[in-house]
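Remarks on the structure that follows.
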Protein chains: 2
Amino acid sequence: MNRTVSIPKTGPQSCGDCPIRHRAVCARCDDEELVQLEEIKFYRSYQAGQVIAWSADRMDFVASVVTGIATLTQTMEDGRRQMVGLLLPSDFVGRPGRETAPYDVTATTDVVMCCFRKKPFEEMMLRTPHIGQRLLEMTLDELDAAREWMLLLGRKTAREKIASLLAILARRDASLQLREPEGVISFELPLTREAMSEYLGLTLETVSRQISALRKDGIIEIRGKRQITVPDFDRLLEETGDDTDGGFLV
Amino acid sequence: MNRTVSIPKTGPQSCGDCPIRHRAVCARCDDEELVQLEEIKFYRSYQAGQVIAWSADRMDFVASVVTGIATLTQTMEDGRRQMVGLLLPSDFVGRPGRETAPYDVTATTDVVMCCFRKKPFEEMMLRTPHIGQRLLEMTLDELDAAREWMLLLGRKTAREKIASLLAILARRDASLQLREPEGVISFELPLTREAMSEYLGLTLETVSRQISALRKDGIIEIRGKRQITVPDFDRLLEETGDDTDGGFLV
DNA sequence: CATGTCGATTGATCTGTGTCAAGGAAACTT
DNA sequence: AAGTTTCCTTGACACAGATCAATCGACATG
């Protein structure tokens with residue numbers, strides 16, 4: 001089911017071969033510690049649509065996304081589903097100190113993950129406080145993101161939800177791409193309409209209708225089904241319902 | 001505005017005078033480290049309804065709730081509000097490494113907090129890895145709670161939302177109280193209908209109606225406006241939409 | 001005692017989003 | 001090339017929850 005692959009040559013955000021090194025875990029480790037990390041890490045890749053771990057599965061590793069996009073989703077007994085995590089390159093999955101995954105983890109595009117067996121990783125954490133500190137920072141960032149997401153789920157309209165999601169994806173993508181003139185941003189939607197609906201707490205029909213509405217109003221342009229162009233990013237931001245001035249770095 | 005008080009004699013969940021000691025931060029510290037923590041801590045109390053910190057205020061301390069209940073709330077430009085954190089005794093507020101609070105922090109009942117100036121607390125964290133590790137655990141727990149909450153906001157019906165909130169409050173309270181026979185639980189609602197609506201992403205009218213409906217259906221009993229009795233906790237759980245078997249410790 | 005305030009309840013009506021259903025475009029299979 | 005599947009769009013209608021409004025009880029204040 002999961003095939004282990006050789007170390008990928010490049011990842012969009014990795015310096016060297018793995019984002020763990022510079023962002024996810026170990027920005028401040030010394031050489032010897034880095035070598036220890038290198039020794040216990042390995043790579044796995046998954047195809048688009050593949051389930052990485054089912055809820056309540058035993059997860060014996062923690063990992064960092066190298067390329068691609070994965071999601072965390074909760075399911076209710078009657079099948080209602082809510083996405084609770086969107087994992088982009090350099091994001092971290094897995095909780096040291098817990099045996100089983102509490103959510104379904106799914107690859108929505110082809111995904112390469114950099115994995116560490118839990119046991120040696122935990123031992124390593126005890127020896128090198130930097131790793132724990134870095135993990136704390138990352139977890140706090142995730143908590144902030146979750147709280148933004150709660151505002152979206154609890155109080156935003158369908159249109160605001162769509163605009164917010166597009167803004168998030170555009171922003172993440174924009175940092176990778178050469179910026180086109182005057183805030184024009186283009187990117188490929190990495191999610192199906194259904195995945196978007198699970199992110200936003202909507203039905204996929206409503207997602208489709210609101211995307212059409214934003215297109216009709218000139219906020220976005222669409223080629224094919226997934227290629228999005230935002231001609232004026234500020235205008236998109238106005239549709240999100242968020243504070244425009246300042247943003248989240250106030 | 002904030003008056004500093006002498007050390008309170010007892011807190012419901014504190015061993016000694018402060019929950020920091022045994023749960024929040026420092027379960028595994030040795031005596032000397034505990035003494036250091038004691039030296040930099042102080043207490044503050046707030047009255048019900050009082051705002052502890054406004055969004056974007058400078059927060060120069062981190063703190064742990066000793067008694068009472070506080071909330072974190074986000075507000076949109078047009079006034080829509082979403083609660084994003086519910087702080088019960090022994091919960092932690094504040095982020096080491098950040099200057100300003102990103103949310104409104106409000107006392108919904110009278111609250112006593114055990115505070116640490118941020119600077120010395122951060123220095124202490126560097127010296128004693130246990131504190132950082134404990135903080136990481138707590139933050140991961142909060143992240144899990146936030147994700148449960150996202151499922152509630154995105155996918156649950158109004159009735160399920162109310163039942164879920166009552167179950168959460170009942171569970172937190174039940175651990176303090178002597179359990180009445182056969183799963184009967186009584187507790188005082190610590191939130192107004194409005195605060196409940198901000199927690200749940202509903203209007204306060206809908207909250208009121210759904211509480212009335214649960215009462216009519218015999219799931220709960222109410223005396224006065226705030227005193228709730230749950231005659232059969234399992235029946236309440238069935239209304240939450242969550243997996244009944246296993247719960248969250250699967 | 002009258003008056004005002006705050007929190008809560010309840011009713012009437014409106015509306016945004018869900019539900020159900022039909023159909024289209026592109027990619028893949030045989 | 002025809003059929004199948006997957007993903008998406010659009011329409012018609014229903015309904016859960018929002019909105020607007022009136023009222024109530026408890027409590028405080030002058």
Side-chain angles (χ1 to χ4, degrees), chain A residues 47-50 76 78-82 106-110 152-166 188-217 220-228 239 241, chain B residues 47-50 76 78-82 106 108-109 152-166 188-217 220-228 239 241:
Chain A
Q47 297 173 337
Q50 197 179 348
M76 294 172 68
D78 60 4
R80 280 175 281 175
R81 289 167 63 80
Q82 175 64 52
T106 311
T108 63
T109 65
D110 289 346
L152 178 149
L153 290 171
R155 293 302 181 192
K156 289 189 178 181
T157 65
R159 170 182 264 243
E160 287 168 342
K161 287 178 175 181
I162 299 285
S164 300
L165 176 54
L166 291 177
E188 168 101 5
L189 265 184
L191 303 174
T192 64
R193 300 290 186 269
E194 185 177 29
M196 292 177 72
S197 76
E198 288 176 1
Y199 184 108
L200 299 170
L202 297 170
T203 60
L204 85 171
E205 293 95 328
T206 299
V207 169
S208 185
R209 273 188 256 269
Q210 294 297 337
I211 288 179
S212 297
L214 288 177
R215 180 172 45 66
K216 218 164 290 170
D217 296 346
I220 58 174
E221 290 153 21
I222 312 179
R223 270 181 318 140
K225 293 183 184 299
R226 301 283 191 90
Q227 193 63 34
I228 304 285
E239 298 289 338
Chain B
Q47 298 173 337
Q50 197 179 350
M76 294 172 69
D78 60 4
R80 282 175 281 174
R81 289 167 62 82
Q82 176 64 50
T106 312
T108 63
T109 63
L152 177 148
L153 289 171
R155 293 303 182 192
K156 289 189 178 180
T157 65
R159 170 181 264 245
E160 287 169 342
K161 286 178 174 181
I162 298 285
S164 300
L165 176 54
L166 292 177
E188 168 101 4
L189 266 185
L191 303 174
T192 64
R193 300 291 186 267
E194 185 177 29
M196 293 176 72
S197 77
E198 287 176 1
Y199 184 108
L200 299 170
L202 298 170
T203 59
L204 85 173
E205 293 95 328
T206 299
V207 170
S208 185
R209 274 187 255 270
Q210 294 296 338
I211 288 179
S212 298
L214 289 177
R215 180 171 46 65
K216 219 164 288 171
D217 296 345
I220 58 173
E221 291 154 21
I222 311 179
R223 268 181 321 139
K225 295 183 182 298
R226 300 285 191 88
Q227 192 63 34
I228 304 286
E239 298 289 338

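Sequence lines set the chain letters: A, B, ... in the order given, protein chains first and strands last, and positions in each chain run from 1.
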Let me spell it out: for each of A/Lys225 and A/Arg155, pick the nucleotide of DNA chain D with the closest heavy atom. Which residue's pick is nearer the 5' end? A/Lys225
Please tell me if A/Ser208 has a side-chain N or O lying less than 4.0 Å from either OP1 or OP2 of D/dT9. yes
Would you mind telling me which of D/dA18, C/dT19, C/dT17 lies closest to the side-chain atoms of A/Thr203? C/dT19
Is there a side-chain polar atom (N or O) of B/Arg193 under 4.0 Å from OP1 or OP2 of C/dG7? no
Select base, sugar-phosphate, or nothing to describe what A/Leu204 touches, counting heavy atoms under 4.0 Å on all strands. nothing
Rounded interatomic separation in angstrom, taking CD1 from B/Ile211 and P from C/dT9: 6 Å
Measure across B/Met196 and B/Leu191 and return the closest heavy-atom pair with its distance rounded to 0.1 Å. CG-CB, 3.9 Å
Polar side-chain contact A/Glu205-D/dC8 base: donor and acceptor under 3.5 Å: no
Any A/Arg209 side-chain N or O less than 4.0 Å from OP1/OP2 of D/dT10: no
Side-chain N or O of A/Ser212 versus OP1/OP2 of D/dT10: is the shortest distance under 4.0 Å? yes
Strictly below 4.0 Å, N to O, side chains only: are B/Arg159 and B/Asp217 in salt-bridge contact? yes
Could you walk me through whether B/Arg80 and A/Glu160 pass the salt bridge (Lys or Arg N to Asp or Glu O under 4.0 Å) test, one step at a time? CA-CA 13 Å; B/Arg80 282 175 281 174; A/Glu160 287 168 342; 2.8 Å; yes
Which part of the nucleic acid does B/Thr192 contact within heavy-atom distance under 4.0 Å: base, sugar-phosphate only, or nothing? sugar-phosphate
With heavy atoms under 4.0 Å as the rule, sort B/Arg226 into base, sugar-phosphate or nothing. sugar-phosphate
Under 4.0 Å between any heavy atoms, over every strand shown, what does B/Gly201 touch: base, sugar-phosphate, or nothing? Just pick one. sugar-phosphate
Let's go through A/Glu239 and A/Lys161 carefully: what are the C-alpha distance in whole Å and the side-chain angles of both, what is the deciding distance for salt bridge (Lys or Arg N to Asp or Glu O under 4.0 Å) to 0.1 Å, and is it a yes or a no? CA-CA 9 Å; A/Glu239 298 289 338; A/Lys161 287 178 175 181; over 6 Å; no
